[in-house]
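What follows is a set of notes on a single structure, which appears directly below.
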Amino acid sequence: MGRVEILQLLVSPVHRFEGRPGEGAPPLPDADLVTTARVRAGLGIVGDRYFNHPAHRNASVTVMAAERFPFGPETRPDLRPTRRNVLLRGVDIDSFVGATVSLDSGTGPVVLAVRSAARPCAWMDTTLGPGARRALRDGGGVRCRPLTDGTLAVGPARFEVVEPAPPGNRPAGR
């Protein structure tokens with residue numbers, strides 16, 4: 001498919017959003033943003049809170065398109081308030097549910113099975129601003145199962161479709 005850019009990587013060892021969104025957003029540390037992330041097949045991102053958790057193995061890596069970020073181009077996309085792991089520019093990742101894709105940031109491809117949409121939650125209206133949850137409906141990113149070990153790095157990358165989604169598995173309207 002072609003060149004993309006990995007704008008941000010987020011690896012957070014703990015769950016940051018607890019309680020109710022109306023109580024306000026917790027601090028979102030800059031340390032969760034990293035320049036490289038090590039991915040392990042079937043397990044997730046080393047150091048992330050979902051790494052090697054059986055309940056999350058099919059969704060242990062979340063990827064979001066910068067172009068889908070709410071509130072227009074003047075808003076600088078930031079993964080911390082979305083809790084996604086990989087922020088890409090240059091591909092509408094939401095249109096690949098059911099496909100197998102690869103990202104190669106220079107150290108070899110990381111192959112991901114794009115399992116489902118990452119649905120935005122009520123926290124989005126608190127962390128990003130009013131209306132963010134609605135704005136991210138059908139564009140809040142995807143939940144993936146890593147199929148290979150590898151390393152992702154911030155910067156230029158190559159995006160490839162390894163296996164397209166079956167015809168009946170493509171999201172409506174895409």
Side-chain angles (χ1 to χ4, degrees), residues 1-16 28-53 56-70 73 75-120 124 127-128 136 138-165 169-171 174:
M1 179 154 238
R3 299 309 257 164
V4 297
E5 184 178 5
I6 298 175
L7 297 176
Q8 286 185 333
L9 294 167
L10 183 134
V11 179
S12 181
V14 298
H15 184 73
R16 301 273 181 220
L28 302 172
D30 290 337
D32 287 354
L33 294 175
V34 297
T35 57
T36 62
R38 200 169 105 219
V39 179
R40 296 281 314 276
L43 301 175
I45 297 176
V46 176
D48 193 67
R49 74 183 197 276
Y50 290 134
F51 180 76
N52 197 24
H53 284 206
H56 295 283
R57 286 200 182 133
N58 282 330
S60 60
V61 177
T62 52
V63 183
M64 185 175 185
E67 294 84 354
R68 294 288 196 125
F69 223 82
T75 303
R76 183 174 182 267
D78 183 352
L79 284 176
R80 291 172 304 153
T82 67
R83 281 296 302 132
R84 305 306 188 244
N85 299 114
V86 181
L87 182 63
L88 289 179
R89 174 174 285 142
V91 65
D92 182 12
I93 193 66
D94 293 273
S95 66
F96 290 94
V97 172
T100 301
V101 301
S102 74
L103 273 174
D104 186 345
S105 53
T107 59
V110 173
V111 179
L112 303 168
V114 183
R115 306 291 296 207
S116 64
R119 303 279 183 228
M124 299 293 177
T127 61
L128 291 170
L136 287 171
D138 296 324
V142 294
R143 298 163 51 109
C144 304
R145 177 182 179 92
L147 301 179
T148 61
D149 292 350
T151 301
L152 296 174
V154 170
R158 184 151 186 84
F159 177 86
E160 297 289 334
V161 176
V162 175
E163 185 176 322
N169 200 27
R170 293 194 176 108
R174 304 208 188 197

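Model, not experiment: these values are computed from the prediction.
Here the side chains of Asp92 and Glu67 are not in contact, with every heavy-atom distance at 4.5 Å or above. Side-chain contact between Leu103 and Leu88 is present, with at least one heavy-atom pair separated by less than 4.5 Å. By the 4.5 Å heavy-atom criterion applied to side chains, Arg57 and Asn52 are counted as neighbours. Between Leu43 and Phe51 there is a side-chain heavy-atom pair separated by less than 4.5 Å. Using a 4.5 Å cut-off on side-chain heavy atoms (C-beta onward), Thr62 and Leu10 make no contact. Within the 4.5 Å cutoff, no side-chain heavy atoms of Val11 are placed close to those of Asn85. Proximity of Ser12 to Asp48: side-chain heavy atoms (C-beta onward) are separated by under 4.5 Å at one or more points. With contacts defined as side-chain heavy-atom distances shorter than 4.5 Å, the pair Arg143/Asn58 does not qualify.
Contact between Ser60 and Gly44 at its shortest, heavy atoms only, is OG-CA, 3.2 Å. Pairing each heavy atom of Pro156 with each of Arg3, the nearest pair is CB-NH2, 4.4 Å. Heavy atoms only, all atoms of each residue included: Ala65 and Ile93 are closest at N-CG2, 3.8 Å. The heavy-atom pair separating Cys144 from Leu112 by the smallest distance is CB-CB, 4.0 Å. The nearest pair of heavy atoms linking Ala66 to Leu7 is CB-CD1, 3.6 Å. Nearest heavy-atom pair across Asp94 and Arg68 is OD2-CG, 3.8 Å.
Using bins of under 30°, 30° to 60° and over 60° for the plane-to-plane angle, the ring pair Tyr50/His53 lands in the perpendicular bin.
Looking at Arg84, its side chain does come within 3.5 Å of a backbone N or O of Ala118 through a donor-acceptor pair.
With rounding to the nearest 0.5 Å, the separation of CD1 in Ile6 from CZ in Phe159 is 11.0 Å. Here Ile45 contributes atom CD1 and Thr151 contributes atom OG1; the two are 11.0 Å apart, rounded to the nearest 0.5 Å.
A side-chain contact (heavy atoms from CB on, under 4.5 Å) with Leu152 holds for exactly one of Val34, Val39, Val63; it is Val39. Only one option out of Val162, Val114, Val142, Leu147 pairs with Val101 in a side-chain contact (heavy atoms from CB on, under 4.5 Å); it is Val114.
Arg89 meets the salt bridge (Lys or Arg N to Asp or Glu O under 4.0 Å) test with no other residue; sequence neighbours excluded.
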task: Apply side-chain contact (heavy atoms from CB on, under 4.5 Å) to Val154 and Leu33, showing your working.
output: CA-CA 10 Å; Val154 170; Leu33 294 175; over 6 Å; no
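The side-chain hydrogen bond (donor to acceptor under 3.5 Å, both in side chains) analysis of residues 100-111, with sequence neighbours excluded, yields no pairs.
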